[in-house]
Amino acid sequence: MNLTQPTTTGPRNDIRLYTLLASVPEGKVVTYGQLAELIGLPRRARWVGQILKQLPNDTRLPWHRVINAQGRISLPPLNGGDEQAKRLREEGVVVSQDGKISLRRYGWKTQPRPRPRLL
DNA sequence: TCCGTGACAAGAC
DNA sequence: CGTCTTGCCACGG
């Protein structure tokens, strides 16, 4: 078996993903791609989505803090999307009515806007 | 094995 | 902004 390439399947990376996700602080959001990259699996954003999809409904993990790179909720409104927006708002994240979220302000590990010099 | 599908991403316009 | 296209990769039929 090829051990030189990072594997995607199997519980190993799943655990790494869960662990990382669990560390995303309240009031912050991450993108699928970021999560994948942070655990050493670049370009596996879709895989992250697959894993999250399988989470039990009563999971304690902050799945709602995961959004797409466009700063939008990827979940259909009637299938979790509304719930996600609700949870995010409950922790202070501003979600515009059309489901847009500012990654600049709420993105985890993303540069907060460089403060403009006042003179 | 080929092919479509998906909680994605980035770039062109 | 929106829409399209391409690239990506795991899965399942």
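Chain identifiers are assigned alphabetically (A, B, ...) following the order of the sequence lines, protein sequences preceding nucleic acid strands; residue numbering begins at 1 within each chain.
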What N/O pairs connect the protein and nucleotides 1-6 of chain C at under 3.5 Å? Give each pair on its own line.
none

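dC9(C) atom C1' lies 13 Å from atom NZ of K53(A), rounded to whole Å. Rounded to a whole Å, the CD1 atom of I39(A) is 14 Å from the C1' atom of dC8(B). One can place CD1 of I73(A) at 12 Å from P of dC8(B), the figure rounded to the nearest angstrom. Summarising the geometry, the separation between CG on L88(A) and C1' on dA7(B) is reported as 13 Å, rounded to the nearest angstrom.
Among residue pairs with one or both ends in residues 15-44 of chain A, none qualify as salt bridge (Lys or Arg N to Asp or Glu O under 4.0 Å); sequence neighbours excluded. Residue pairs that meet the side chain to side chain donor-acceptor pair (under 3.5 Å) test with at least one member in residues 58-67 of chain A, sequence neighbours left out, are H64(A)-E91(A), R65(A)-E91(A).
Across the C1' atoms, dA7(B) and dG13(C) are found 22 Å apart, a figure rounded to whole Å. The gap from the P atom of dA12(B) to that of dC8(C) amounts to 16 Å, rounded to the nearest Å.
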Intra- and inter-strand pairing of DNA chain C, written as dot-bracket with Watson-Crick and G-U pairs under 3.5 Å and | for the latter, reads .||||||.|||||

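Within residues 41-52 of chain A, the residues approaching DNA chain B are A45(A), R46(A), G49(A), L52(A), by heavy-atom distance under 4.0 Å. Only T31(A), Y32(A), G33(A), listed by number, bring a heavy atom of residues 26-38 of chain A to less than 4.0 angstrom from any atom of DNA chain B.
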